[in-house]
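This report concerns only the one structure given below.
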Amino acid sequence: MIYALLGIAAALCAFIQWGDEIPVPHGDVNKKEAKYEHKVQKQEEKEKYERSVMNRNPSGYMTVEEYELLSAPKDRMTMEIQVPKTPTPADMVYVPQPAYKIIRYNDPPGSPDLAISKSIYQTRQKNAQGIVSPDFTKLVYPSVYYYPNSGSTACDLFLINLEEAKSNMDKILTANVIHRISDPIMSTEKLNDNYYTFRTLTPVDFSSDGTKLLVKEKIGNTKDGMWKTTPYVYDFETKVSYSLEDVRNTISYFWKTTRGLNLVDKRWDVYPLGFSEEFPDTVIVNALAYTGNSPVNLGIWAISAKGEDPRLVSLRNIEVPISMNGFKLIKEGVMPPSVTEREEKFQKKIEKQNAKQKKLEEKAELKELKKSYKAKIKEMDAEFRESQKDYNLRHRINGSTTGNESVEKYKQIKAEQEFKKQQKLEKQHEKELKLLEKERLKEEKLNNKKNKE
């Protein structure tokens with residue numbers, strides 16, 4: 001008996017000591033769980049809203065998916081390029097802005113040449129001046145590469161399609177290498193095993209219709225001078241380049257057979273002048289030999305744009321009509337201070353308006369994000385209240401009825417609630433219609449009164 005009493009006392013002591021840690025159900029567990037889930041969902045929606053506010057300007061506070069989406073490669077051909085402008089330091093009132101002018105590229109005929117400055121030894125690459133087509137849709141420019149291991153150079157010719165819906169001046173000023181076609185339209189030999197050898201491609205001129213481009217490839221040695229010039233014609237429609245090497249062979253053959261002069265033993269070269277004005281698909285070249293103190297004229301020759309039918313035009317140094325079709329951009333002094341200052345004031349005004357507009361847009365965007373967030377929370381709260389009411393209704397019915405009676409009673413009550421809800425919506429709709437009709441009659445009355453006056 002004593003041992004039994006001692007066991008009961010020990011059990012009571014254990015209950016008093018550990019009873020607070022025993023989970024005792026309090027209230028409806030299902031309702032508490034639903035309330036907790038609702039709270040978590042609202043917190044997730046809040047974090048989503050805060051993240052959308054921060055990610056208007058990309059930052060490190062983002063998910064991996066959002067980062068990958070923002071860091072995806074962009075189409076460089078669609079990137080917008082601004083007209084270059086000389087930066088103005090803060091402590092200076094006036095900085096001369098260069099004025100530009102569009103002039104003919106091949107003027108005088110055959111004059112375009114590519115000069116390689118000493119800076120290429122440090123930069124290893126140089127983009128030379130481009131030539132613009134007659135219709136201002138294309139720009140072609142050469143890019144020269146320097147190989148320090150052999151002191152030699154090579155060259156590529158690239159094409160940039162100019163932007164539409166701009167003035168001719170802005171088309172050229174905004175032409176950027178980022179918009180160039182990836183593959184060059186023409187290239188020289190890239191082997192650099194011959195020391196101090198240079199190979200360059202110089203655009204001479206476009207054809208009158210802009211579908212063809214005359215290019216001269218110059219090969220030489222920085223220690224020995226010029227070796228050889230070969231004309232080429234690139235066809236933009238077929239994307240094929242035609243070598244005009246036959247004109248060199250014809251010149252050499254002519255002088256050997258008619259005058260006994262072997263040009264292989266002499267230093268001589270050809271100079272492409274451009275496309276003939278009379279025959280647009282014909283290229284005119286001039287040949288010169290360096291046999292003494294002054295160059296000797298070897299005649300003016302013609303060849304078709306496809307490298308066919310080379311022929312002599314004249315042995316005398318006569319003027320042959322050459323068309324000048326391409327354009328280039330040059331600097332023409334500087335803009336007057338008054339113009340620059342006026343543009344600066346106008347630009348500041350535009351920037352101020354843009355900043356104001358941007359601020360308004362950001363404010364409207366933030367307002368819209370907050371409105372959307374609040375609407376979502378309101379919708380979630382309404383759904384939660386509705387689910388809780390529905391749960392309470394089921395719980396109440398299950399406690400007072402059994403079997404199929406509870407299901408039938410639940411359906412009946414829900415139908416009554418839906419009917420009352422529909423009636424309420426219809427009354428609200430009728431009220432809105434009456435207000436609209438009242439406003440319409442009021443406006444109609446005011447219009448009639450104005451018409452009578």
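Contact annotation: the side chain of E163 approaches that of T174 to within less than 4.5 Å [non-hydrogen atoms, C-beta and beyond]. Using a 4.5 Å cut-off on side-chain heavy atoms (C-beta onward), Y373 and E45 make contact. Residues F236 and K138 are in side-chain contact: their nearest non-hydrogen atoms beyond the backbone lie under 4.5 Å apart. Side-chain contact between D205 and I131 is present, with heavy atoms from C-beta onward closer than 4.5 Å. Annotation: side chain of S241 is in contact with side chain of M186 (closest heavy-atom distance under 4.5 Å). A heavy-atom distance below 4.5 Å is not found between the side chains of E245 and Y232. Side-chain contact between P142 and P203 is present, with heavy atoms from C-beta onward closer than 4.5 Å. With contacts defined as side-chain heavy-atom distances shorter than 4.5 Å, the pair S143/K126 does not qualify.
Taking 4.0 Å as the cut-off between side-chain N and carboxylate O, D107 and K328 do not count as a salt-bridged pair. Ion pair R440/E444 flagged as a salt bridge, since at least one NZ, NE, NH1 or NH2 atom sits closer than 4.0 Å to an Asp/Glu carboxylate oxygen. Under 4.0 Å is where a charged nitrogen must lie from a carboxylate oxygen, and between D235 and K306 no such pair does.
For the atom pair L298 CG and L263 CG, the distance stands at 6.0 Å (nearest 0.5 Å). A distance of 6.0 Å separates CG in L288 from OH in Y271, rounded to the nearest 0.5 Å. Distance CD1/I219 to NZ/K228: 6.0 Å, rounded to 0.5 Å. Between atom CZ of residue R199 and atom OG1 of residue T153 there is a gap of 8.0 Å, rounded to the nearest 0.5 Å. One finds the CD1 atom of I102 at 8.0 Å from the CZ atom of F327 (value rounded to the nearest 0.5 Å). The CG atom of N194 sits 8.5 Å away from atom CG of L191, with the distance rounded to the nearest 0.5 Å.
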inquiry  = Pair Y147, Y195 - check ring pair (Phe, Tyr, Trp, His ring centres under 6.0 Å), show working.
reply    = CA-CA 10 Å; Y147 302 99; Y195 285 91; over 10 Å; no
Working for side-chain contact (heavy atoms from CB on, under 4.5 Å), residues Y146 and I116:
CA-CA 10 Å; Y146 173 69; I116 304 176; over 6 Å; no
#### Entry: CA sep, side-chain torsions, deciding dist, call: V215, L157, side-chain contact (heavy atoms from CB on, under 4.5 Å)
CA-CA 9 Å; V215 182; L157 205 61; 3.7 Å; yes
Q.
Could you go through L201 and T188, starting from their C-alpha distance and side-chain angles, then the distance that decides it, and tell me whether this counts as side-chain contact (heavy atoms from CB on, under 4.5 Å)?
A. CA-CA 7 Å; L201 293 170; T188 63; 3.5 Å; yes
Show the numbers, then the answer: is there a side-chain contact (heavy atoms from CB on, under 4.5 Å) between M226 and F198?
-> CA-CA 9 Å; M226 189 67 201; F198 61 84; 4.2 Å; yes
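Smallest separation of non-hydrogen atoms from S207 and D209: OG-OD1, 2.6 Å. Nearest heavy-atom pair, T230 versus S243, reported as atom, atom and distance to 0.1 Å: CG2-OG, 4.1 Å. Of all heavy-atom pairs spanning K212 and V233, the tightest one is CB-CG1, 4.0 Å. Across all their heavy atoms, S182 and F158 have their closest contact at O-CE2, 3.5 Å. The two residues N286 and I300 make their nearest non-hydrogen contact at OD1-CG1, 3.9 Å. The two residues T137 and D135 come nearest to each other via the heavy atoms OG1-OD1, 2.9 Å.
For the residue pair N325 / S208, no side-chain donor-acceptor distance below 3.5 Å is found, with atom types taken as modelled. Side chain to side chain, S304 and D309 fail the donor-acceptor criterion of an N or O pair below 3.5 Å.
Side-chain atoms of D390 never come within 3.5 Å of backbone atoms of E386 as a donor-acceptor pair (strictly under, hydrogens ignored). Checked by atom type and distance alone, the side chain of W268 never pairs as donor or acceptor with a backbone atom of A287 at under 3.5 Å. Judged purely by atom type and a 3.5 angstrom limit, S372 has no side-chain atom pairing as donor or acceptor with the backbone of L369. In this structure a side-chain-to-backbone donor-acceptor pair under 3.5 Å is missing from S323 to E277. Judged by distance alone, the side chain of D170 and the main-chain N or O of K166 form no donor-acceptor pair under 3.5 Å. No side-chain donor-acceptor contact under 3.5 Å links E383 to the backbone of K378. Looking at W227, its side chain never comes within 3.5 Å of a backbone N or O of D224 through a donor-acceptor pair. Within the 3.5 Å criterion, the main-chain N or O of G110 finds a donor-acceptor partner in the side chain of N106. No donor-acceptor pair under 3.5 Å is formed between the side chain of S252 and the backbone N or O of N249. At distances below 3.5 Å, not a single donor-acceptor pair connects side-chain atoms of R267 with backbone N or O atoms of Y290.
When each of T282, L244, I284 is checked for a side-chain contact (heavy atoms from CB on, under 4.5 Å) with I303, only L244 meets the rule. With respect to D269, the salt bridge (charged side-chain N to carboxylate O under 4.0 Å, His left out) criterion is satisfied by exactly one of K216, K218, R248: R248.
Remark: K171 is not positioned above the aromatic ring of F136, lacking an NZ or CZ atom under 6.0 angstrom from the ring centre and at most 45 degrees off the axis.
For E443, the CD atom is loosely surrounded, since the number of other residues' heavy atoms within 6.0 Å does not exceed 12. Taking a 6.0 Å sphere around CD of Q125, one finds it holds more than 12 heavy atoms contributed by other residues, nucleotides or ligands. Heavy atoms of other residues, nucleotides or ligands lying less than 6.0 angstrom from CD of Q423 number more than 12. Other residues, nucleotides and ligands contribute more than 12 heavy atoms inside 6.0 Å of the NZ atom of K190. More than 12 heavy atoms of other residues, nucleotides or ligands shown are found within 6.0 angstrom of CD on Q353.
F254 and W301 have perpendicular rings, their planes meeting at more than 60° on a 0 to 90° scale where under 30° would count as parallel.
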